[in-house]
Every structure is written in structure tokens, then in C-alpha cells.
Amino acid sequence: MALTLYNTLTRRKETFRPIDPGNVRMYVCGPTVYDYAHIGNARPVIVFDVLFRLLRHIYGEKHVTYARNITDVEDKINARAAEEYPGLPLNDAIHLVTSKTEKQFHADIAALGVLPPTVEPRATEHIPGMVRLCETLVANGHAYVAEDHVLFDVSSMPDYGRLANRSLVDMEAGARVDVAPYKKGPMDFVLWKPSKPGEPGWPSPAGIAALGRPGWHIECSAMAEQHLGQVFDIHGGGIDLVFPHHENEIAQSRCAHGTPVMANYWMHNGFLQVEGEKMSKSLGNFVTIRELLETTKFGDRSWPGEVLRLAMLMTHYRQPIDWTSKTLLEARLNLLRWVEAVRGSDPRDETVSPTVIRALENDLNTPEVIAELHRLARLAKSTNQDDEPSSAANQLVWALNFLGFGSHKDLLRINEELDHAIDAALKTVIEKGITDRNAARKAKDFKEADRIRDELSAMGIQLKDAKDPATGEIVTTWEVKR
RNA sequence: GGCCACGUGGCGGAGUGGUGACGCAGCAGACUGCAAAUCUGCGUACCCCGGUUCAAUUCCGGGCGUGGCCUCCA
């Protein structure tokens, strides 16, 4: 089956046909680095990581270029820098904020099993490209200079609004923004603006004498052009970026290059809510990736990155997702189950279940993938040899690996973390309890056996008795209560 | 006000013009000294009102509800 993707441009699922199968190119809007990434930021990062992995599987690792940018010039960064380092020159403070935040971001998403993109361009390293775009747009009549700003003239582009599916007339009718007096049209947007003294500034385009800095959208146009070319295959991001960010990127790039499209396929992940409400600092439900990984702030426990990743993939990427501790518990339970199913296996020949690939090829239907993982786990744990448990376990290992949950070894480590993360002293107590209890059971002193079991249970340790299928002996294991 | 999504069983969550998602919870059986765990099996659904159709949860129209965008936002 061919890869099919939902395209926001056409509002339907389409067969994916790359411009050049030898170099499939994808751009995804990355973070603006001024603060810890929150769990909503993690969604596109994970979703497009899955797509990246799938594209590499289909076209070959060397034939996919994935660019995910870092925006390190922006008003919020300036504000944060001034606030955090009031004693430093602004530009030094900005550098501290952006480099620190970028490091945090990389550490956070690495914990989520996200592969590094092929290139990770920074906005500040692409200022000349932005200046050139401005120059071109002014020269060809799509932009104009006013009060040291360069503004895009939306009336110069007949199909402006096509991605967001709205006409200029609609937007102006619904406008509720004060229009800057120097704008020709109310929807015109800034490509370049003057810097205030002390702010980061670069030599301006189009004969503007004052130092300036880029507007919000231009950085993506410049970085995409440099790393992927004027027209490329896939452009992704959160659905809230459709308008104005992506619409304006399209306007700038297409009008500068004279191309009918910027990217052939536009993909957008759905919005994330937290416990049924919009995530916001004022509601107090704002939650960062790092808090989920390292603190017990959400759901009274910390969560391994694999659990967060799975929770994100349990809902289809275009659907809204409600981020709840219940969802995380369910993800954790599923993961434990799968890890248990592959624990004793010895995976060799790499075979990713065709069902998994087929489900992903259908517009990244990860819930269907998860159903297949459950099926494989059931077979792997089946006692019926006709089900070929070892083959199923092997497939499960490779499917999980393919989806970014790590190698077989990593999976066993997850199990250790989720199940046996307990200090050595307590482990000794548990082992002794099991030995004593089994002795008591042999002596038919069930009162004593149950007392030991209850005592461990009160400590949060669950004993599990299982029959060894070969010998018929009862083997007792334990886990931290789920 | 304009535009765009979404509304599936107790819960989460796929999908489909006519029969099965899947998971959790629940119920039953096997196992167990009894439990738990595990294994096996089972049930219940498609917001409301019209329309199209032999047939609609699925397509179309209207309504209601929730969310998003129109201003920084993944």
C-alpha cells in the first residue's frame, strides 16, 4: 500500500508522491527557545518523528532530509532575557537564554525517543537569507517599505488565505485588531521591523538605514529555502499555526520564488488539552516535559519518556487529545505488558510487522498500530505453540523499536525502571519474604504465608505466583503495585 | 461576528454505506490452599432532527454541545 497523508491544503487524504524519491524533504516548525517546552510542544515533535522514521523506512535512511528549526530571535526571548539577567547587556542575556533553553529542549525530547532531525537550523544563522527574501519581495512588488518596516502586501497575492481556507474579505470582516497606521492593508504583515536600541539588530534590507530584525514568519521561509529548496514535500506543525504563521510563510516563499506551492503536503497535528481544559499558566495546569519526566507534579508520580511517547501516540495525530493522568496510567500499563511479553525473547532477524507499516502508511494511524502491538503481545504470551509465541515476540520487539521505544535492551531497562525501581535493602526484604512465605506454604501454614503477603502488600509490593509450564512448580515473582 | 475541527459502549480510542477494532474497567471459566498475577471467553456504542439510499454510526442539510483559529501560542 502507498503512503497516504492528510493534506491541509486540499482537506483530504492524498497518496504521497515525493518530488524526488532520492531526497524526500520535510520541514517542521520547531520551538522558540525562551522557556521549558511544555507537553503541547512535544506533540508535533513526536508525531513528525514517527513520520520521519516511516519515510526513512520507505525511501531509505539516506534519502530523507528532515529540517526542524530553532527560533532564537523573537520578542519573547528578549523579554525573558531582560527579566532573568537584568545586569547583563541584552544580547549577552539573550544568548544565555537561548543556549540554555535549547539544551533543555534537546535533553527533554531525547528522553521521548525522538531522533535528531537531519538539520536543525537556527534563525540567527539565516539572517542574510531573510534579508534577501525581503529584498526580492520589495523588488517584485509583493512587499513595501514603511517607517523602517518591510511589509507584505497581501492584496498582491490572489490566493492568499488558501491554506486556512479563508478569503481576505472574510478576514477583514472579522478583524478585531488595531491596524498599524503605516500598513496599506489591514492584513498586511511584517517581514522586517526596526530594532530598538539594545535589541538584537542586523543591517536592514531595501535601503532601510536603521538596524532591524526579522518578523515572525520569515525565518521559516529562509531556513526551508536554504535546506530544502524553494519547493519541497512536507511541511508540518501544530494546527494553531495554520493561520497566520503557515499562511504567511506560503505567501512570502511563493511570491519570492514565483512557485505555485511552497510544499506539496501540509500536515497539522491537533491541539492538546490538559484534564479537559486549555493548558495555561493562569489555570495552573501548565505542564512541561521536564516536570512530567522528573517531578511528581502531574498524576503524583514521574513518568518515563516512553510512557509519555506512547500516551501521545494512543490518539491519532489529527484528533484533539486530552492529556490526563489516566491516559498516562493506561500507557504505562500497556508498555509494561509489552515489555513483559518480550522479556524472555531473543530477537534476531529484524522484521517489522507489515500490519504496523500498513497502519502507519494510512495517515499515521498509530491507534491501529497499537492494536497490532496488543495482538502480538497476546500471541507472544500465549501458551498455545500454534500461535508461534517466539515469532510474535520478535516482531513485537522490532515494532516497538521502529516506533521509537528503543532496542530490546532498552525495553528491558524500562521494565526495570517501571517495575523494580527500589533500593537494594528493600529488595533483600522482599526476597526473604518470598522465601519465608514459600516455606510456610509448604508447611501448610497459610496464616503465616498470608501474613507475609499482606505485609509486603502494605509496602506496595505485589507478589505474583505463576506455574512454570515446564516443571509445574510455582514460581513467585514481585513487582511494584501498578 | 467570520472561519475550521470534533461529538462512538462505564472510560480511553480506531474505523466503516450492510458482519470484528483495540485497550482499561466489568462479568464468567482455568490456574491457586485462598487471592493477586496470568491465560481463555463474553457483553454493551455510534449527540439530536430531517434528507439521499434497498440499507447510514458512516454521505448531505439543519440543530445542539465541546474545542481551535481570527492577537503570542504546538
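Throughout, a chain's letter reflects where its sequence line sits, starting with A, and its residues are numbered from 1.
- The environment of A/Asp454 atom CG is dense: over 12 non-hydrogen atoms of other residues, nucleotides or ligands sit within 6.0 angstrom.
- B/rG13 and B/rG61 have their C1' atoms separated by 29 Å, with the value rounded to a whole Å.
- Proximity of a side-chain donor or acceptor of A/Arg453 to a complementary backbone N or O of A/Arg437 within less than 3.5 Å is not detected.
- Classification of the A/His217-A/His245 ring pair by plane angle, with boundaries at 30° and 60°, yields tilted.
- Of all the residues in residues 70-81 of chain A, A/Lys76 reach under 4.0 Å from RNA chain B with at least one non-hydrogen atom.
- Nucleic acid contact for A/Arg441: base, since at least one base atom lies under 4.0 Å from a heavy atom of the residue.
- Within the nucleic acid shown, A/Thr327 has no heavy atom closer than 4.0 Å to any nucleic acid atom.
- Without hydrogens or angle criteria, A/Glu247 side chain to A/Ala164 main chain gives a donor-acceptor distance under 3.5 Å.
- Annotation: ring-ring contact (aromatic ring centres under 6.0 Å, His included) contacts involving residues 445-467 of chain A, sequence neighbours excluded, are absent.
- Listed by first residue number, the stems of RNA chain B with at least three Watson-Crick or G-U pairs below 3.5 Å are B:1-7 with B:64-70, B:10-12 with B:22-24, B:26-30 with B:38-42, B:47-51 with B:59-63.
- Using a 4.0 Å cut-off, some side-chain N or O of A/Gln319 falls inside it from OP1 or OP2 of B/rA14.
- Residues from residues 39-55 of chain A that place a heavy atom under 4.0 Å from any atom of RNA chain B, listed by number: A/Gly40, A/Asn41, A/Pro44.
- No donor-acceptor pair under 3.5 Å is formed between the side chain of A/Gln462 and the backbone N or O of A/Glu479.
- With hydrogens and angles ignored, the 3.5 Å screen pairs a side-chain donor or acceptor of A/Asp72 with a backbone N or O of A/Thr124.
- Cation-pi check for A/Arg68 over A/Phe48 is not met; the charged atom does not lie both under 6.0 angstrom from the ring centroid and within 45 degrees of its normal.
- Ring-to-base geometry places A/Phe446 in a stacked arrangement with B/rG33 (centre distance under 5.5 Å, plane angle under 30°).
- Judged purely by atom type and a 3.5 angstrom limit, A/Arg43 uses its side chain to pair as donor or acceptor with the backbone of A/Gly270.
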Quiz prompt | Contact state string [nucleotides 19-27 of chain B, B base, S sugar-phosphate only, - no protein heavy atom under 4.0 Å] | solution = --BSB----
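- For A/His268, the ring pair (Phe, Tyr, Trp, His ring centres under 6.0 Å) partners are A/His246, not counting sequence neighbours.
- Rounded to an integer number of Å, the gap from A/Gln273 CD to B/rG12 P is 13 Å.
- Taking only side-chain nitrogens and oxygens, A/Lys381 comes nearer than 4.0 Å to OP1 or OP2 of B/rC39.
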